Structure formats: C-alpha cells, structure tokens
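The block underneath contains the structure these notes are about, expressed in structure tokens.
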Amino acid sequence: MTRAFVFPGQGAQTIGMGKALAEAYPAAQAVFDEVDEALGEKLSNLIWEGDIAELTLTQNAQPALMATSMAAMRALEAEGVSVTDAAFVAGHSLGEYSALAAAGALSVADTARLLRTRGQAMQSAVPVGEGAMAAILGLDLEAVRGVADEAAQGEICQAANDNDPTQVVVSGAKAAVERAAEIAKEKGAKRAVMLPVSAPFHCALMQPAADVMAEALAAVEIKAPAVPLIANVRAEAVSDPDLIRQLLVEQVTGSVRWRESVQYMAAQGVTETWEIGAGKALSGMIRKIDRAIAGKAVGTPDDVQNVVKSES
C-alpha cells in the first residue's frame with residue numbers, strides 16, 4: 001500500500017487540540033515547548049485553554065495547527081512510524097509548511113516563526129472588511145473561474161482553493177466575492193457560502209504578504225525533504241530546496257490546487273492518506289476526489305495507536 005501524509009490548513013483549529021498527544025508523548029510535548037520558545041510566548045496555553053476567537057486569528061491559527069500536526073508526527077515517530085513510510089507529503093495552504101517540517105526540510109522553530117510572519121502578513125495585506133472568500137458548492141473549477149471573471153468588474157476575484165469536485169473557493173474584494181456568490185447560484189451552484197475569514201487568502205490582493213514571505217523565506221535554511229512534497233501551486237512532486245522556497249512565495253497569491261494534488265498522488269499509486277494533526281477535513285475532500293484512496297485521521301493518542309496497530 002502506497003501512503004501519503006497530508007497536513008490540514010486553517011479552519012481545523014479547536015481549543016484543546018494536541019493536548020492529549022502532549023500528555024501521552026514527551027516528544028509531542030517537546031514540539032509545543034519548542035514552538036512556545038520560538039515565538040517567545042505560551043501559544044500552547046492559547047491552544048489548550050484559550051478563546052477560540054483568539055486562536056482563530058490567522059497569526060495564531062497557523063503556527064498552532066503546525067504545532068499540533070508536528071506533535072502528532074512526533075507521536076507516530078515514538079511508535080516507530082517515520083515520514084519515510086510515506087511516498088509523499090502534502091498540505092493544504094499553511095499545511096504545506098507542516099508537511100515540510102515533518103519531512104525535515106524546515107526546523108520546527110523556523111516553521112513556527114515563518115507561520116507567525118505569514119499570518120501577520122496575510123492579515124495586514126488587506127484592511128479588515130475589504131476582502132472576502134466564499135465557497136461555491138456544486139460547480140467545477142472551470143465554471144467557478146467563469147463566475148469569478150464575470151463578478152470581478154475591475155476588482156480582484158479569483159478561484160483560490162480547488163478543494164474537491166464539488167467545492168471551489170473564490171477570494172478577492174468583498175463586493176466582487178459577494179457578486180460571485182450570487183452569479184454562482186444563478187449558474188446552478190447548490191450553495192454559495194461566505195466564509196468567516198479575516199482576509200482574502202490566495203488571490204492577487206495578498207501580494208504584499210508574498211513580498212514579506214519572500215524576504216522571510218530567504219533568511220531560513222530549507223533542506224531537501226526526506227520524501228517529495230506535492231506543492232499546492234504545481235500539484236506535482238518537488239524536492240529541490242530553492243524551488244520549494246519559490247513555490248512557498250507563489251502560494252501566498254496562488255491557488256491551492258488540492259483536487260489536482262490528490263489526483264497526482266493517485267496517479268503515482270497512492271492508495272491511503274494519513275491526515276496528521278487536527279480534524280478530518282482533508283480526508284473528506286480526498287474521499288470526494290478519489291473514493292479508491294482510504295483516509296485515516298491521526299490527531300489523538302488513540303488515532304496513533306490505531307494506525308500503528310494496523311501496520312503490525
């Protein structure tokens with residue numbers, strides 16, 4: 001069985017995530033300690049006992065979700081499972097950073113600091129209230145691109161996340177995204193849902209954040225990952241550190257090509273994915289993309305034990 005490890009993006013955060021892993025595995029606790037030290041604050045307190053609205057702030061959610069994913073990865077390693085037991089790693093948006101940390105391309109401390117910077121930069125790129133995102137359900141990518149073009153009317157409106165065959169997210173100026181939601185319904189979308197996000201991610205409005213990340217990424221060491229990364233903006237495997245650095249910058253304004261990424265992995269023989277960290281959102285998307293791929297969520301000590309038992 002050929003396996004890929006996949007890492008969730010923003011929206012998967014919950015208060016208390018990763019706490020049971022930290023209590024059960026010293027190596028998982030060490031991840032949260034390392035992230036706290038790298039950021040110079042007790043992010044772990046916010047994750048485990050804080051306010052969900054504060055945790056959901058982009059600058060907090062991004063390093064918090066990475067920390068939870070890495071805690072799950074360290075728990076797996078403590079049970080004898082290595083990242084090299086996977087053929088590929090992949091992550092949804094910020095999850096790409098978690099994937100790179102899991103594959104040893106980035107240190108946990110550098111990843112935490114990069115994601116704090118990324119969250120702050122994405123938040124400040126567009127004044128609050130001027131951007132928006134909407135999930136279009138029931139239209140495919142090409143149809144949604146047409147909707148976005150029609151809705152733009154001189155403003156930015158782009159297909160941002162191609163999540164699965166039934167869901168594409170548009171991002172851009174608030175009025176344009178609201179127009180896109182209405183046009184999509186007129187063109188047969190089952191639903192168009194405005195998303196509770198603080199900024200319009202993965203569109204051209206994020207260019208100031210991409211510039212910040214180009215500078216931040218230039219200052220950190222990126223090694224070749226232990227297994228190839230399926231890059232969001234290419235939907236294909238990459239291992240060259242300089243190319244990874246470039247694609248992480250492009251990813252800020254570029255589309256998350258998740259559907260194509262999963263199709264690529266399937267074409268390379270992947271038959272099982274382990275979703276490492278918080279939630280099960282990616283497993284749900286993967287099931288809609290290719291029902292032949294089995295999905296397992298690995299976010300608690302019980303999950304770790306279950307997948308380890310299935311290996312033996």
Side-chain angles (χ1 to χ4, degrees), residues 8-13 35-43 45-47 50-68 91-98 100-101 106 108-135 148 152 154-161 169-178 180 194-220 222 232-233 244-256:
Q10 220 161 316
Q13 66 274 3
V35 169
D36 287 350
E37 185 175 345
L39 298 180
E41 65 180 75
K42 280 287 216 177
L43 185 67
N45 286 350
L46 173 61
I47 298 169
D51 174 65
I52 187 63
E54 189 180 350
L55 180 61
T56 297
L57 291 174
T58 303
Q59 67 192 51
N60 293 328
Q62 295 199 21
L65 284 160
M66 182 278 298
T68 304
H92 193 283
S93 190
L94 85 89
E96 196 155 270
Y97 286 78
S98 306
L100 288 166
L106 285 167
V108 169
D110 281 344
T111 309
R113 287 187 288 261
L114 284 168
L115 286 173
R116 169 56 56 85
T117 299
R118 184 177 183 266
Q120 290 171 333
M122 291 171 92
Q123 185 60 67
S124 60
V126 179
V128 173
E130 291 190 12
M133 299 180 79
E155 296 183 296
I156 298 294
C157 188
Q158 292 170 241
N161 300 352
V169 174
V170 293
S171 181
K174 187 168 186 278
V177 171
E178 288 171 343
M194 298 299 290
L195 298 179
V197 293
S198 52
F201 306 131
H202 299 292
C203 76
L205 293 174
M206 287 286 113
Q207 187 57 48
D211 296 341
V212 170
M213 290 313 295
E215 193 173 324
L217 284 157
V220 300
I222 300 179
N232 282 184
V233 295
I244 288 169
R245 197 186 311 270
Q246 173 195 325
L247 296 179
L248 287 174
V249 176
E250 290 180 17
Q251 189 228 57
V252 179
T253 55
S255 296
V256 176

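The analysis underlying the following values was restricted to heavy atoms, covering all of them including side chains, and did not include hydrogens, waters or symmetry mates. All values reported here derive from a predicted model rather than from experimental measurement.
- The structure places CG of L115 at 6.5 Å from OH of Y97, a figure rounded to the nearest 0.5 Å.
- Considering all non-hydrogen atoms of both residues, A216 and T117 come closest at CB-CG2, 4.3 Å.
- A donor-acceptor pair is defined here as one N or O able to donate and one able to accept, closer than 3.5 Å; no such pair exists between the side chain of Q158 and the backbone of H202.
- Nearest heavy atom pair, residue V126 against residue G131, reads CG1-N, 3.9 Å.
- The two residues V177 and G172 have their closest heavy-atom pair at CG2-N, 3.4 Å.
- Side-chain N or O atoms of Q13 include one that pairs as donor or acceptor with a backbone N or O of G11 at under 3.5 Å.
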Where do L114 and M213 land on the side-chain contact (heavy atoms from CB on, under 4.5 Å) test, with the steps shown first? CA-CA 8 Å; L114 284 168; M213 290 313 295; 4.2 Å; yes

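- Side-chain contact between L100 and I222: absent, with no pair of heavy atoms (C-beta onward) separated by less than 4.5 Å.
- Residues satisfying the salt bridge (charged side-chain N to carboxylate O under 4.0 Å, His left out) criterion with E155, sequence neighbours excluded, are R179.
- Atom CD in Q207 sits 10.5 Å away from atom CD1 in I156 (nearest 0.5 Å).
- Using a distance-only test at 3.5 Å, with no hydrogens or angles considered, a donor-acceptor pair links the side chain of S255 to the main chain of A159.
- Looking at heavy atoms from C-beta onward, S198 lies in side-chain contact with Q123 at the 4.5 angstrom threshold.
- A side-chain donor-acceptor contact under 3.5 Å links N60 to the backbone of E54.
- The closest donor-acceptor contact from the side chain of N232 to the backbone of S93 lies under 3.5 Å.
- Of all the heavy atoms in D36 and L43, the pair that sits closest is OD1-N, 3.0 Å.
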Can you check side-chain contact (heavy atoms from CB on, under 4.5 Å) on K42 and L46, steps first, answer last? CA-CA 7 Å; K42 280 287 216 177; L46 173 61; over 6 Å; no

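- The neighbour count for E37 CD, taken as heavy atoms of other residues, nucleotides or ligands under 6.0 Å away, does not exceed 12.
- Contact annotation: the side chain of D211 never approaches that of E215 to less than 4.5 Å [non-hydrogen atoms, C-beta and beyond].
- Legend: residues meeting salt bridge (charged side-chain N to carboxylate O under 4.0 Å, His left out) with R118, ordered by chain and number and at least two apart, are absent.
- A210 approaches V249 most closely through the heavy-atom pair O-CG1, 3.6 Å.
- Within the 3.5 Å criterion, the main-chain N or O of V169 finds no donor-acceptor partner in the side chain of N161.
- Taking the side chain as every heavy atom from C-beta outward, E96 and L248 approach each other to under 4.5 Å.
- Minimum heavy-atom separation, A160 to S171: CB-CB, 3.6 Å.
- Looking at heavy atoms from C-beta onward, L205 lies out of side-chain contact with E130 at the 4.5 angstrom threshold.
- With rounding to the nearest 0.5 angstrom, the CD atom of Q120 is 5.0 Å from the CD atom of Q59.
- Salt bridge status for E250 with R245: absent, with no side-chain N to carboxylate O gap under 4.0 Å.
- Q62 has its side chain within reach of M122: a pair of non-hydrogen atoms, C-beta onward, lies under 4.5 Å apart.
- Side-chain contact check for F201 versus V252: every heavy-atom pair is 4.5 Å or farther apart.
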